[in-house]
**Q** 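Once you've had a glance at the structure underneath, I'll fire off some questions.
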Amino acid sequence: MLQTTTSTIAKILKTDCTTNVEFKDVCTDTRKHMNGALFLALTGDNFDAHDYIDQAQQMGAVAIVANKPVNNQLPTLVVDDTQIALNTIASWHLKNIKPIVIAITGSNGKTTTKNMLANILNLQAPTLKTQGNLNNHLGVPMTLLTLEEQHQYAVIEMGANHLGEIAHLCSLVNPNIAIVTNTLDAHIGEFGGFDNLVKAKGEIYSNNSHNIVNTQDTFTGDVSFGKGGDIFASKLVNNKFDLNIYKQKISVTLNLIGTHNIENALAASTCAYALGIDINLIKQGLEVTKAEHGRLEVINTKKFRIIDDTYNANPHSTTTALKALQDFSGEKIVVLGAMRELGNDSEELHLKIGQLAKKSADTFYSYGKLTQHYYGIHFDSKQQLANHLLANHVHATVLIKGSRTVKMNELVDLLKK
Ligand code: ATP
Ligand code: UDP
Ligand code: MG
């Protein structure tokens, strides 16, 4: 956490400060904590935080950064652009702490790779990682501001929907190690074509960083992972594999399901290897990594083994989940809610995924609106579906998934009762 004075920050921001006060933490949101903090007012799509300055004061803010003079007695630093001010403060704080920075982007697997790598590095020295999915132009500087004196590594997740975004984030963090997990065609629409998607992710690589590439991608780097790479997996059986790092080899059993997570483990291992971490620590860090809530999270209840993948759904991640289900023996059940925001192809994609779901399971249920093209056994009430599952199946593995807005997690909760 950043702890300093307003006059120090005024100097960095090249502005004035009438009263010098100490603060701890920079906060941007009055819906969160504010005690003793510097309130930095951002203007977003929904709100202008300059409207919340009095509220911030009531909640304990001790100073303000704003883009105009404000009607409030707290010491106020006026700047042209508060977003730029946030970046400036964050970069300055990073330079003071000087951790080794690892930047991770890619179409899929960023958060998982980040969690694995942070778990490995934490066995070596205190490590900061991006919390949750705070991986954009706000999340990255906010993450940097949480750096503490003891942190020796910072694992930073970077997301991008447009060209130039990763380049901008890298200008803030100057990564020592840079990695693109993969360039699958996630969110291709926003990039305007696959070539631009690859270009956008590739912005993470520079002459100043040690560059790690997936052998399936078109990038060239210093170290590669995956089939035919410097670091690769062999003897894959479900979640177990041999991790090969040049001439070293060690057996790893992940606490995560799905072969895609073995690829994420290779990505994390390659970063750790580049940082000189011992292969035994790499194994240990990988094996303690658990699923994020609602992402192929395995939950054992009295009656079922639930695979909770209710965080979100699109055709790619649903295919991945159906594949992961095959790792389990015994009766298999799939319950799918709709995949939203698929545009014109929606009907066809639901049809395709429905066919795959039927092949992948003993019984396939669909829930809710926009799922008629799945052609599963259909329910419109989660309670009735839960009752039906509990009455008709026992000791089965149940994969539950759907778009975030369909809230299939509610079905998981009903089955847990
Ligand atoms: P976001 O863009 O939401 O931040 P992310 O890149 O951080 O996503 P994760 O949260 O690690 O990715 O994983 C999200 C989903 O992506 C997983 O549930 C899985 O379906 C899919 N996925 C993860 N890793 C891979 C991979 N290496 N290859 C293919 N698909 C993957
Ligand atoms: N904000 C706030 N208090 C509120 C609502 C918004 O401090 O009650 C801040 C918010 O944290 C952000 C800024 O106002 O820094 C702009 O909000 P935005 O439009 O991004 O809306 P959000 O997505 O945060 O709801
Ligand atoms: Mg993520």
Side-chain angles (χ1 to χ4, degrees), residues 26-34 37 39-59 61 64-67 82-83 85-86 104-117 129-143 155-161 179-187 190 197 201 214 216-217 225-226 233 254 256-268 289-297 307-325 339 399 401 404:
V26 176
C27 294
T28 57
D29 195 339
T30 57
R31 292 162 296 190
K32 298 184 185 146
H33 75 105
M34 196 62 67
F39 180 59
L40 187 140
L42 294 168
T43 308
D45 295 335
N46 307 307
F47 303 101
D48 183 352
H50 294 84
D51 298 335
Y52 295 92
I53 287 174
D54 290 343
Q55 193 179 328
Q57 181 181 19
Q58 280 156 24
M59 290 174 66
I64 312 287
V65 177
N67 64 15
T82 50
Q83 167 72 59
L86 176 68
I104 301 176
T105 193
S107 298
N108 293 102
K110 300 180 286 295
T111 298
T112 310
T113 302
K114 171 203 73 181
N115 288 341
M116 288 172 164
L117 180 60
K129 67 168 182 180
T130 300
Q131 289 304 306
N133 221 11
L134 291 173
N135 65 16
N136 67 7
H137 66 291
L138 292 173
V140 170
M142 295 304 285
T143 300
V155 186
I156 306 294
E157 176 174 338
M158 295 183 174
N161 300 320
I179 181 165
V180 177
T181 55
N182 53 55
T183 52
L184 303 167
D185 50 2
H187 321 299
E190 292 154 335
L197 179 146
K201 311 279 176 205
N214 187 331
Q216 303 298 304
D217 292 335
F225 68 92
L254 295 179
L256 303 169
I257 62 167
T259 43
H260 62 286
N261 280 319
I262 295 182
E263 194 172 307
N264 295 334
L266 292 178
T289 302
K290 296 209 177 78
E292 294 253 323
H293 185 50
R295 292 180 204 179
L296 292 179
E297 186 187 3
I307 302 177
D308 176 355
D309 205 27
T310 59
Y311 174 75
N312 216 338
N314 59 36
H316 172 76
S317 67
T318 308
T319 306
T320 305
L322 291 169
K323 204 165 134 219
L325 177 67
M339 301 177 289
L399 168 67
K401 190 168 175 69
R404 205 177 175 61

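For ligands, and for the atoms within them, numbers begin at 1 and follow the listed sequence. Worth saying up front: this structure is predicted, and the values here are computed from it rather than measured.
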**Q** Using a 4.0 Å cutoff against the non-hydrogen atoms of Arg295, which atoms of ligand 1 qualify?
**A**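 Once the distances to Arg295 are compared, the set is 10 (O).
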**Q** For Ser317, counting its heavy atoms only, list the atoms of ligand 1 lying under 4.0 Å from any of them.
**A**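 Atoms satisfying the 4.0 Å criterion: 20 (O).
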**Q** For His316 and ligand 1, answer yes if some heavy atom of the residue is under 4.0 Å from a ligand atom, otherwise no.
**A**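 Yes; His316 lies near enough to ligand 1 that a heavy-atom distance drops under 4.0 Å.
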**Q** Distance check, rounded to the nearest 0.5 Å: Ile262 atom CD1 versus Leu266 atom CG?
**A**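 Separation between the atoms: 8.0 Å.
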**Q** Out of all atoms in ligand 2, which are within 4.0 Å of some heavy atom of Gly44? Include the element for each.
**A**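 Contacts of ligand 2 toward Gly44, numbered from 1: 16 (C), 18 (P), 19 (O), 20 (O).
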**Q** Shortest non-hydrogen contact from Val155 to Leu117?
**A**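 Heavy atoms of Val155 and Leu117 come nearest at CG1-CD2, 3.9 Å.
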**Q** Give me the residue, atom name and distance of the protein heavy atom closest to atom 13 (C) of ligand 2.
**A**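 Here the nearest protein heavy atom works out to Leu42 O, 3.4 Å.
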**Q** Side chain of Thr181, backbone of Asn108: donor and acceptor closer than 3.5 Å?
**A**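 A pair under 3.5 Å: yes.
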**Q** So, does Asp308 use its side chain to make a donor-acceptor pair with the main chain of Glu297 at under 3.5 Å?
**A**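 Pair absent, no side-chain N/O of Asp308 close to backbone of Glu297.
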**Q** Do the side chain of Lys114 and the main chain of Thr130 share a donor and acceptor less than 3.5 angstrom apart?
**A**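 Confirmed, Lys114 side chain pairs with Thr130 backbone.
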**Q** For residues Asn115 and Thr112, is any side-chain donor paired with an opposing acceptor at under 3.5 Å?
**A**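 Short answer, no.
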**Q** Restricting to non-hydrogen atoms, name the atom on Leu254 and the atom on Asn261 that form the minimum distance, rounded to 0.1 Å.
**A**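 Scanning both residues completely, I find the closest heavy atoms to be CD1-O, 3.6 Å.
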**Q** Could you report the tightest heavy-atom contact between Tyr311 and His293, atom names first, then the distance?
**A**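 That closest heavy-atom pairing would be CB-O, 4.4 Å.
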**Q** Classify the side-chain pair Ser317/Lys401 by whether it contains a donor and acceptor separated by less than 3.5 Å.
**A**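 On atom types as modelled, these side chains qualify, holding a pair under 3.5 Å.
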**Q** Answer yes or no: does an N/O atom from Asn108 fall short of 3.5 Å to an N/O atom of ligand 1?
**A**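 Among all N and O atoms of Asn108, at least one is under 3.5 Å from an N or O of ligand 1.
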**Q** Please work out, at 4.0 Å between heavy atoms, whether the side chain, the backbone, both, or neither of Asn261 comes within that distance of ligand 1.
**A**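 Neither part.
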**Q** Does Asn133 have a heavy atom less than 4.0 Å from any atom of ligand 1?
**A**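 Checking ligand 1 against Asn133, which is what was asked, there is a heavy-atom contact under 4.0 Å.
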**Q** Show the atoms of ligand 2 that are less than 4.0 angstrom away from any heavy atom in Ala49.
**A**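 Selected atoms, number and element: 9 (C), 13 (C), 14 (O).
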**Q** Can you tell me if Thr111 and Glu292 form a side-chain donor-acceptor pair at under 3.5 Å?
**A**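 No, no side-chain donor-acceptor contact under 3.5 Å.
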**Q** Got a donor-acceptor contact below 3.5 angstrom from the Glu263 side chain to the His260 backbone?
**A**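 Absent.
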**Q** Hey, could you give me the CE/OG1 distance between Met116 and Thr113, rounded to the nearest 0.5 Å?
**A**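 It comes to 6.5 Å.
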**Q** Just which atoms of ligand 1 are under 4.0 Å from any heavy atom in Glu157?
**A**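 That gives atoms 4 (O), 7 (O) of ligand 1.
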**Q** Under 4.0 Å, heavy atoms only, figure out whether ligand 2 is touched by the backbone of Asp45, its side chain, both or neither.
**A**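 It is the backbone that gets close, since no side chain atom is under 4.0 Å.
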**Q** Distance check, rounded to the nearest 0.5 Å: Leu40 atom CG versus Leu86 atom CG?
**A**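 Going from the CG atom of Leu40 to the CG atom of Leu86 covers 5.5 Å.
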**Q** Over all heavy atoms of both residues, which pair between Asp217 and Asn182 is shortest? Give the atoms and the distance, please.
**A**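 Result for this residue pair: OD2-CA, 3.3 Å.
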**Q** Provide, to 0.1 Å, the distance between atom 12 (C) of ligand 2 and the closest protein heavy atom, together with that atom's residue and name.
**A**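 Answer, as residue, atom name and distance: Thr28 O, 4.0 Å.
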**Q** Minimum heavy-atom separation for Asp309 and Ala321, please, with both atom names.
**A**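 In this case the closest contact between Asp309 and Ala321 is OD2-CB, 3.5 Å.
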**Q** What is the nearest protein non-hydrogen atom to atom 8 (O) of ligand 2, stated with its residue, atom name and distance?
**A**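 Answer, as residue, atom name and distance: Tyr52 CE2, 3.3 Å.
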**Q** Does any donor atom in the side chain of His50 or Asn67 lie under 3.5 Å from an acceptor atom in the other side chain?
**A**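 Distance-only check passes for His50 and Asn67.
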**Q** I need the minimum non-hydrogen distance between Ala291 and Arg295, along with the two atoms involved.
**A**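 What the structure gives for the nearest pair is CB-O, 3.4 Å.
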**Q** Counting non-hydrogen protein atoms only, what is the nearest one to atom 25 (O) of ligand 2? Give residue, atom name and distance.
**A**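 Protein heavy atom at minimum distance: Arg31 NH1, 3.1 Å.
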**Q** Identify, by atom number and element, the atoms of ligand 1 in contact range of Asn182, meaning under 4.0 Å from any of its heavy atoms.
**A**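 So the answer, numbered in order with elements, is 26 (C), 27 (N), 28 (N).
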**Q** So, is Thr111 polar-close to ligand 1, with some N/O to N/O distance under 3.5 Å?
**A**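 Yes, at least one N or O pair falls under 3.5 Å.
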**Q** Could you see which bit of Leu296 sits under 4.0 Å from ligand 1, with heavy atoms only: side chain, backbone, both or neither?
**A**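 Answer for Leu296: neither.
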**Q** Are any of the N or O atoms of Lys110 closer than 3.5 Å to those of ligand 1?
**A**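 For ligand 1, there is an N or O atom that lies under 3.5 Å from one belonging to Lys110.
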**Q** Under a heavy-atom criterion of less than 4.0 Å, does Glu292 contact ligand 1?
**A**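 Judged by the 4.0 Å heavy-atom criterion, Glu292 does not count as contacting ligand 1.
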**Q** Counting only N and O atoms by type, is there a donor-acceptor contact under 3.5 Å from the side chain of Thr318 to the main-chain atoms of Ala313?
**A**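 Not a single qualifying donor-acceptor pair exists.
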**Q** Taking the minimum heavy-atom distance to atom 7 (O) of ligand 2, which of Asn46, Thr30, Leu40 ranks first?
**A**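 Result: the heavy atom closest to atom 7 (O) of ligand 2 is in Thr30.
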**Q** Report yes or no: does Thr181 have a heavy atom closer than 4.0 Å to ligand 1?
**A**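 False for this residue.
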**Q** Take the Mg ion (ligand 3) and tell me which protein N, O or S atoms are nearer than 2.8 Å.
**A**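 Hits for the Mg ion (ligand 3) below 2.8 Å: Thr111 OG1, Asn133 OD1, Glu157 OE2.
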**Q** Counting only heavy atoms, which portion of Phe47 has something under 4.0 Å from ligand 2: side chain, backbone, both, or neither?
**A**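 Both parts.
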**Q** Any nitrogen or oxygen of Gly106, main chain or side chain, under 3.5 Å from a nitrogen or oxygen of ligand 1?
**A**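 For ligand 1, there is no N or O atom that lies under 3.5 Å from one belonging to Gly106.
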**Q** Do any nitrogen or oxygen atoms of Tyr311 lie less than 3.5 angstrom from nitrogen or oxygen atoms of ligand 1?
**A**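 No, there is no polar N/O contact under 3.5 Å.
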**Q** For Asn135, take its heavy atoms, then give the atoms of ligand 1 lying under 4.0 Å from any of them.
**A**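 Heavy-atom distances to Asn135 below 4.0 Å select 4 (O).
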**Q** Within the distance-only criterion (no hydrogens, no angle test), does the side chain of Thr105 pair as donor or acceptor with the backbone N or O of Met158 below 3.5 angstrom?
**A**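 A pair under 3.5 Å: yes.
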**Q** Classify the contact between Leu184 and ligand 1 as side chain, backbone, both or neither, using a heavy-atom distance cut-off of under 4.0 Å.
**A**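 Under 4.0 Å from ligand 1, Leu184 contributes side-chain atoms alone.
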